[in-house]
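Notes follow the structure.
None of these values were measured; they are calculated from a predicted model.
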Amino acid sequence: QVQLVESGGGLVQAGGSLRLSCTSSGRVFSRPAMGWFRQAPGKERRFVAVINWSGGITNYADSVLGRFTISRDNAKRTVYLQMNSLQAEDSAVYYCAAGVVVGTRPVDFDSWGQGTQVTVSS
């Protein structure tokens with residue numbers, strides 16, 4: 001049963017923007033935390049951003065701070081990741097995740113989407 005579905009990935013030139021969406025079809029959206037991670041080929045999955053249920057707490061990886069913004073619309077059961085000033089090193093598969101802890105580690109999250117590819121051309 002699919003719980004989280006990401007969309008919005010694609011190919012963009014360096015300096016451009018994309019907005020990723022993650023929609024939940026189940027109760028997983030009621031988890032205290034929703035996060036975004038990314039994984040480039042041959043590399044481990046890395047934290048990007050996290051947001052709590054109310055949206056009042058957010059945290060970002062240093063590499064995206066000031067460029068990416070995480071937000072959520074609970075009525076639409078959707079979490080967003082607005083990505084601006086994209087760089088080639090942002091290219092990766094981006095995963096949405098739900099967890100019980102507003103953490104930054106993959107183990108803090110117990111439900112994952114299938115991922116959406118983001119490719120930034122330089």
Rounded to the nearest 0.5 Å, what separates atom [atom1] in [X] from atom [atom2] in [Y]?
| X | Y | atom1 | atom2 | result |
| --- | --- | --- | --- | --- |
| N59 | I51 | CG | CD1 | 11.5 Å |
| T69 | N84 | OG1 | CG | 6.5 Å |
| I57 | I70 | CD1 | CD1 | 12.5 Å |

So, applying side-chain contact (heavy atoms from CB on, under 4.5 Å) with S21, which one of T78, V79, V5 is it?
T78
Does [X] share a hydrophobic cluster with [Y], counting links as ILVMFWY side-chain heavy atoms below 4.5 Å and allowing steps through other members?
| X | Y | result |
| --- | --- | --- |
| V118 | V93 | no |
| V101 | F109 | no |
| L18 | V48 | yes |
| L86 | L20 | yes |
| M34 | W112 | no |

Testing the basics here: between [X] and [Y], what is the closest heavy-atom pair and its distance to 0.1 Å?
| X | Y | result |
| --- | --- | --- |
| Q114 | Y95 | O-CE2, 3.5 Å |
| S91 | V120 | OG-N, 2.8 Å |
| V50 | A33 | CG2-CB, 4.1 Å |
| Y94 | E6 | O-OE2, 4.0 Å |
| C22 | L4 | SG-CD2, 3.9 Å |
| Q82 | S17 | NE2-CB, 3.9 Å |

Walk me through whether R31 and D110 qualify under side chain to side chain contact (heavy atoms under 4.5 Å, CB included).
CA-CA 10 Å; R31 296 280 205 281; D110 54 8; 3.2 Å; yes
Pairs meeting criterion salt bridge (Lys or Arg N to Asp or Glu O under 4.0 Å) with involvement of residues 70-94, two or more places apart:
R38-D90, R67-D90
Are T104 and F37 close enough that some pair of their side-chain heavy atoms sits under 4.5 Å apart?
no
Take W36 and C96 through the test side chain to side chain contact (heavy atoms under 4.5 Å, CB included) and record every step on the way to the result.
CA-CA 5 Å; W36 288 96; C96 174; 4.0 Å; yes
Does R19 count as lying over the ring of Y80, i.e. NZ or CZ under 6.0 Å from the six-ring centre, within 45 degrees of the axis?
yes
